[in-house]
Amino acid sequence: MADVLIVGAGPVGLTLACELARYRVGVRLIDRARQATRTSKALVVWSRTLELMDRMGCTEAFLAAGLRARGAILRGGGRVLGGPDFSDIASPYAFGLMIPQSDTERLLAEHLRGFGVAVEREVELTAFSQTADGVEARLAHADGREEQVTTAYLIGCDGAHSAVRHGLGLPFQGTAQGDEWLLADIRLDGVGAPPGDAIAVYLHQDGPFVIFPIPGGRARVVATVGRADGRVRPDPTLAEVQALVAARAGPGIRVSDPVWLSRFRIHERKVSEYRRDRVFLAGDAAHIHSPAGGQGMNTGMQDAVNLAWKLALVLRGTAAPRLLDSYSPERNAVGEMVLRNAGRLTAMATLANPLAQSVRNRALRLLLSLPAVRRRMAATMSEIEIGYPASPLSVGSGAGRRWRPEDAAGPPPGAGADPRFVLYAADAESGTALGGRFPGLVQPVPRKNPEPGRLHLVRPDGYVGFAAGAADWDAAARYLKECGTA
Ligand SMILES: Cc1cc2nc3c(=O)[nH]c(=O)nc-3n(C[C@H](O)[C@H](O)[C@H](O)COP(=O)(O)OP(=O)(O)OC[C@H]3O[C@@H](n4cnc5c(N)ncnc54)[C@H](O)[C@@H]3O)c2cc1C
């Protein structure tokens, strides 16, 4: 019996499987599709996701395959309005890594194979039910075989139409945005073609038009093409894309060599609970929204990282099952914020009234001239500001924030095969004694705290769990006792 059955081998299911396999949890990863996606879909891997990949051990492969975008340039009313400079992001990865989702999935699947786990393809979850100490799941194989499996935990990473979410009866509340959008992966050249290392946003009077660089000299173009009226139209033609590029970005730009032409609508929906007992949701199964800001896949992958170490500790018997109670409130709060931000960006970009557009453009020009605003925009996009201050797992002033990757000596907390807290303290002797009391939960050797006078317990996913004064050892022990079974 696998301890964990993951349904869906998109980027989120793959991330979760990689993390669980690294922590030596018995895992099965199934997907009903015959093969992985071949299209570029989510194009940006942001700084925080790269930081988390450091723990997973696959950042290098991503950096080698991706293209580093240094910023975004917004234009409106025929002039440059400004934009965020990603080198302002306070992270070792101060850029947006442009990489097609098909490559992201390929690299994650390769990483997973390194742990001896392969994606089981053409295997579909058809039903499941929960018992007091497990989940019974029914799987349908391509050859018609039915399989009944028992697992300790079932995780739905099965995308926007999630069978797991339907099985739990969880409402997917939200709305559909009103526009029809066009998407094209093409080559761009000629006079006025934007630089190949920045995202170009044209807030045109007829609607937004965005160009994202893709490795290999290609580009993704996304634009509104009118109000959605429920009719299904054929995929766009290259001529339609050329006309849009000429009208909204510049008449001298030529398009060629299309590899993917499509249309889509934006849905903004979310569950309000990510868990029912032994069944969890992560990624698009739990939240879908506008691609503005490129947060969808990143947020889903970070759901997976949040859940993995908790499941591993509980399955080892090192932590009490109540540790899992923090997953839904922590990721639900993040999901709400991401939906809100992406929705606002989309509403701002799709303003149709000419007067409102002119006010928007003037306001943006002013705001984007302020370095603090540009820095804030870059930080929000990069997801480095995500934290869990309101979590039941965050205790003490400043708990819940992301720990400082820039000055943490040694490998990041959570690296390696054991998901343990890392203690940052001044008093090494007391720290070692605390580690000795909770050997499965805390790394044995404390690290020097770059914040003198403070004591921090940093979670395996790099967020401060406990924060206190340097001598508050009793409170630290109480915190660990609460997490653990001791
Ligand atoms: C056209 C398009 C453009 C996009 N552009 C962007 C972008 O620019 N930026 C961004 O961040 N996001 C973008 N997205 C969204 C992004 O692709 C998703 O956020 C991401 O794929 C979510 O990953 P996931 O692993 O949660 O789900 P998915 O990638 O949807 O994977 C779910 C998997 O579950 C499998 N599955 C489903 N049901 C079952 C079942 N019952 N049994 C077994 N397997 C099952 C499916 O076959 C699938 O492989 C785009 C999406 C689309 C469609």
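For ligands, and for the atoms within them, numbers begin at 1 and follow the listed sequence. Starting from 1, each residue takes its place in the sequence as its number.
Protein heavy atom closest to atom 37 (C) of ligand 1, with residue, atom name and distance, is D158 O, 3.3 Å. Closest to atom 44 (N) of ligand 1, if we only count protein heavy atoms, is R32 N, 3.1 Å. Considering only non-hydrogen protein atoms, atom 19 (O) of ligand 1 sits nearest to D284 OD1, 2.8 Å. Taking atom 42 (N) of ligand 1 as the reference point, the nearest protein heavy-atom neighbour is L125 N, 3.0 Å. Among protein heavy atoms, the minimum distance from atom 53 (C) of ligand 1 is reached at K41 CD, 3.9 Å. Closest to atom 24 (P) of ligand 1, if we only count protein heavy atoms, is V12 CG2, 3.7 Å.
Under a 4.0 Å criterion applied to the non-hydrogen atoms of C157, ligand 1 contributes the atoms 32 (C), 33 (C), 34 (O). Near G8, meaning under 4.0 Å from one of its heavy atoms, ligand 1 places the atoms 33 (C), 34 (O), 35 (C). Within ligand 1, counting atoms from 1 as listed, the ones closer than 4.0 Å to a heavy atom of E124 are 40 (C), 41 (N), 42 (N), 43 (C). Set against the non-hydrogen atoms of G296, the atoms of ligand 1 under 4.0 Å away are 11 (O), 19 (O). Close approach to W260 involves these atoms of ligand 1, each under 4.0 Å from a residue heavy atom: 1 (C). Each of the atoms 25 (O), 29 (O), 31 (O) of ligand 1 lies under 4.0 Å from some heavy atom of G10. Proximity to G283 (heavy-atom distance under 4.0 Å) selects the following atoms of ligand 1: 26 (O). Below 4.0 Å from some heavy atom of V123 lie the following atoms of ligand 1, by number and element: 43 (C).
A salt bridge is absent between E383 and R48: the closest approach of a Lys/Arg side-chain nitrogen to an acidic carboxylate oxygen does not fall below 4.0 angstrom. Using a cutoff of 4.0 Å between basic side-chain nitrogens and carboxylate oxygens, D179 and R227 are scored as salt-bridged. A salt bridge links K310 with E330: at least one charged nitrogen is closer than 4.0 Å to a carboxylate oxygen.
By heavy-atom distance, the residue among Q35, M297, Q101 lying nearest atom 21 (O) of ligand 1 is Q101. When A137, A160, G159 are ranked by how near their heavy atoms come to atom 27 (O) of ligand 1, first place goes to G159. Distances from atom 12 (N) of ligand 1 to the heavy atoms of A42, A33, G293 put A42 nearest.
Applying the salt bridge (Lys or Arg N to Asp or Glu O under 4.0 Å) test to every pair with at least one member in residues 14-23, sequence neighbours left out, gives these pairs: E19-R22.
With no hydrogens or angles considered, a side-chain donor-acceptor pair links T150 and E136 at under 3.5 Å. With 3.5 Å as the limit, one finds a donor-acceptor pair spanning the side chains of S40 and R220. No side-chain donor from either of N341 and Q295 sits under 3.5 Å from a side-chain acceptor of the other. A side-chain donor-acceptor contact under 3.5 Å links E147 and H141.
Here CD1 of I266 is found 4.0 Å from OG of S290. Values are rounded to the nearest 0.5 Å.
Aromatic rings of F95 and F86 (six-membered ring for Trp) have centroids beyond the 6.0 Å cut-off, not under it. Between Y327 and W309, the distance separating the two ring centers is not shorter than 6.0 angstrom.
Put simply, part of P11 is less than 4.0 Å from ligand 1, judged by heavy atoms.
Looking at H161 against ligand 1, nothing comes within 4.0 Å, counting heavy atoms. Residue contacts with ligand 1 for A163 involve side-chain atoms from C-beta outward but no N, CA, C or O (heavy atoms, distance under 4.0 Å). Counting heavy atoms closer than 4.0 Å to ligand 1, residue V7 contributes side-chain atoms (C-beta onward) but none from N, CA, C or O.
Between L29 and L112 there is a side-chain heavy-atom pair separated by less than 4.5 Å.
Checked by distance only, ligand 1 and D31 come closer than 3.5 Å through their nitrogen or oxygen atoms.
Ring planes of W181 and F264: parallel class, angle under 30° (limits at 30 and 60°).
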